[in-house]
Student: 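My questions will all concern the structure given below.
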Amino acid sequence: MALVDAGGNQLAKMRISDDAAGFTQLTALLTEHGDSDVAPIPVAIETSRGLLVACLRATGRPVFAINPMAVARYRDRHSVARKKSDAVDAAALANILRTDMAAHRPLPADSELVQAIAVLARAQQDAVWARGQAHNKLRSQLREFYPAILEAFAQHKHGLCSREARAILAAAPTPTMAAKLTRRRLQSLLKQAGRVRGIQADAERLHEVFKREYLHQLPQVEAALGQQTSALLRQLNTACDNADQLEGVVTQAFEEHPDAPIICSFPGLAALTGARILAEIGDDRARFADAGSLKAYAGSAPVTRASGKSCKVMSRKVKNQRLAAVGYVWAFVSLTRSPGARAHYDRRRAAGDRHVAAQRNLFNRFMGMLFHCLQNGHTYDEAVAFPQPSAGHTAAAA
């Protein structure tokens with residue numbers, strides 16, 4: 001670490017560990033050079049995670065997480081030899097705050113509950129992505145030797161991720177074994193998967209599908225593929241269980257937060273998607289200066305590249321990827337929940353936008369509304385969000 005004053009003079013330099021002893025050394029050094037509760041010394045660091053960062057944030061001081069690539073650019077300002085060391089990087093970080101603190105954003109002062117929701121929501125989102133990857137691997141495997149199971153659950157809402165499909169795959173990991181399943185055995189498997197209605201009819205349908213003629217691999221090859229399928233199925237079961245378990249925990253934590261009623265009042269947002277939104281934007285009202293800052297952070301606002309006679313408006317690539325991912329789902333679901341959102345999307349499509357661009361524009365508008373509602377403590381109002389033109393304006397336009 002390095003400590004510099006307002007004139008750029010290095011006051012101290014020290015190597016500390018990222019444990020309790022290192023944190024004690026750091027706070028003692030800061031106190032020695034004038035750190036106090038009234039005027040805390042800001043700290044720049046290359047990461048926003050870890051125990052050291054969490055403890056620094058708990059002290060209430062401004063903590064700036066500087067991108068390592070930005071640090072590399074600042075390092076070149078002081079030396080052209082391209083040398084690198086921890087001491088050089090620490091001095092570069094300190095000088096970044098000394099000269100350009102206004103150009104960087106400190107870590108938000110989120111509440112403890114929001115920080116916990118962020119951990120849970122991101123873990124659940126990771127579990128959903130892992131479930132998708134495990135599903136795709138299993139589906140690709142089954143296409144090589146087991147088309148019957150794919151056909152049996154082609155129309156199911158959750159496909160191979162459904163409890164019924166996973167129960168049958170566990171009992172019959174090969175098409176030969178599936179063809180030997182009796183109607184009674186299929187009914188038992190469906191009951192084990194949690195089915196309550198339509199068990200007999202579905203068992204009859206599955207029995208008919210598995211008895212059809214299909215191409216088969218050689219017996220030993222099919223048995224080997226069955227073993228591999230069982231291994232992939234175990235991965236899918238774990239991913240599904242993790243996603244389901246974390247969903248219950250994150251929704252419960254989200255419903256305890258005072259911003260939950262405001263967020264869930266928006267069309268297209270439920271407890272889980274609302275928790276993901278809150279996890280990424282936090283509850284520090286001073287984090288975003290205006291709605292435009294929030295839109296840029298979410299990646300919904302376009303970015304302009306203008307140079308000379310060239311001017312291009314493009315979608316934003318540098319953004320919060322988790323927030324952008326839930327924004328796509330939010331905009332898509334809102335099309336069936338909000339007449340105003342549907343009309344806005346249709347107008348953008350009629351103006352020449354492609355589907356993704358029109359949805360991003362709708363998400364951009366929703367983010368502006370959300371910023372206003374959170375700042376003022378208002379819930380969503382369809383009439384205010386998408387006002388209908390008055391009769392007088394309609395007649396004048398006609």
Student: Count I, L, V, M, F, W, Y as connected when their side-chain heavy atoms are under 4.5 Å apart, and connections chain through other members. Are Leu93 and Leu107 then in the same cluster?
Tutor: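 Looking at the clustering, Leu107 is in a separate group from Leu93.
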Student: Is there a donor in the side chain of Arg276 and an acceptor in the side chain of Gln124, or the other way round, less than 3.5 Å apart?
Tutor: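 Result is yes, a qualifying pair exists.
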Student: Are His104 and Asp100 close enough that a side-chain donor and a side-chain acceptor fall under 3.5 Å?
Tutor: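 No, Asp100 and His104 have no side-chain donor paired with an acceptor closer than 3.5 Å.
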Student: Spell out, yes or no, whether Met14 and Ile41 are grouped together once hydrophobic residues are joined by side-chain heavy atoms under 4.5 Å, including indirect joins.
Tutor: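 Result: yes, single cluster for both.
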Student: Does either side chain, that of Arg49 or that of Thr47, offer a donor lying less than 3.5 Å from an acceptor on the other one?
Tutor: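 Side-chain D/A pair, Arg49 to Thr47: absent.
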Student: Does one side chain, of His344 or Arg365, offer a donor that lies under 3.5 Å from an acceptor on the other?
Tutor: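 A donor-acceptor contact under 3.5 Å links the two side chains.
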Student: Under a 3.5 Å cutoff, is there a donor and acceptor pairing between the side chains of Tyr146 and Gln141?
Tutor: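 Their side chains do not contain a donor-acceptor pair, so the 3.5 Å distance test is not met.
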Student: Under a 3.5 Å threshold, yes or no: a donor from one side chain and an acceptor from the other, between Tyr297 and Arg287?
Tutor: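 Side-chain D/A pair, Tyr297 to Arg287: present.
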Student: Output all residues satisfying side-chain contact (heavy atoms from CB on, under 4.5 Å) with Ala271, sequence neighbours left out; order by chain, then residue number.
Tutor: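 Ala271 satisfies side-chain contact (heavy atoms from CB on, under 4.5 Å) with Thr251, Phe254, Glu255 once adjacent residues are dropped.
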Student: Do Leu236 and Arg131 come within less than 4.5 Å of each other through their side chains, counting heavy atoms only?
Tutor: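 Side chain of Leu236 against side chain of Arg131, heavy atoms only: contact under 4.5 Å found.
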Student: Do Leu97 and Val4 have side chains that approach each other closer than 4.5 Å (heavy atoms only, starting at C-beta)?
Tutor: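 No, every pair of side-chain atoms sits at 4.5 Å or beyond.
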Student: Contact between Leu3 and His33 at the side-chain level, heavy atoms closer than 4.5 Å - yes or no?
Tutor: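 Leu3 vs His33: side chains touch.
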Student: Under 3.5 Å, is there a donor on one side chain and an acceptor on the other for Gln115 and Asp110?
Tutor: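 Side-chain D/A pair, Gln115 to Asp110: absent.
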Student: Does atom CG (Leu51) have a neighbourhood of more than 12 heavy atoms from anything else shown, all under 6.0 Å?
Tutor: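 It does not: Leu51 CG has 12 such atoms or fewer within range.
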Student: Under 3.5 Å, is there a donor-acceptor pair between the Gln375 and Arg285 side chains?
Tutor: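 Distance-only check fails for Gln375 and Arg285.
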Student: Are Leu29 and Asp35 side-chain neighbours, meaning at least one heavy-atom pair lies under 4.5 Å?
Tutor: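 Leu29 vs Asp35: side chains apart.
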Student: Looking at Met1, Arg57, Arg61, which one forms a side-chain contact (heavy atoms from CB on, under 4.5 Å) with Val43?
Tutor: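 So the option named by the test is Arg61.
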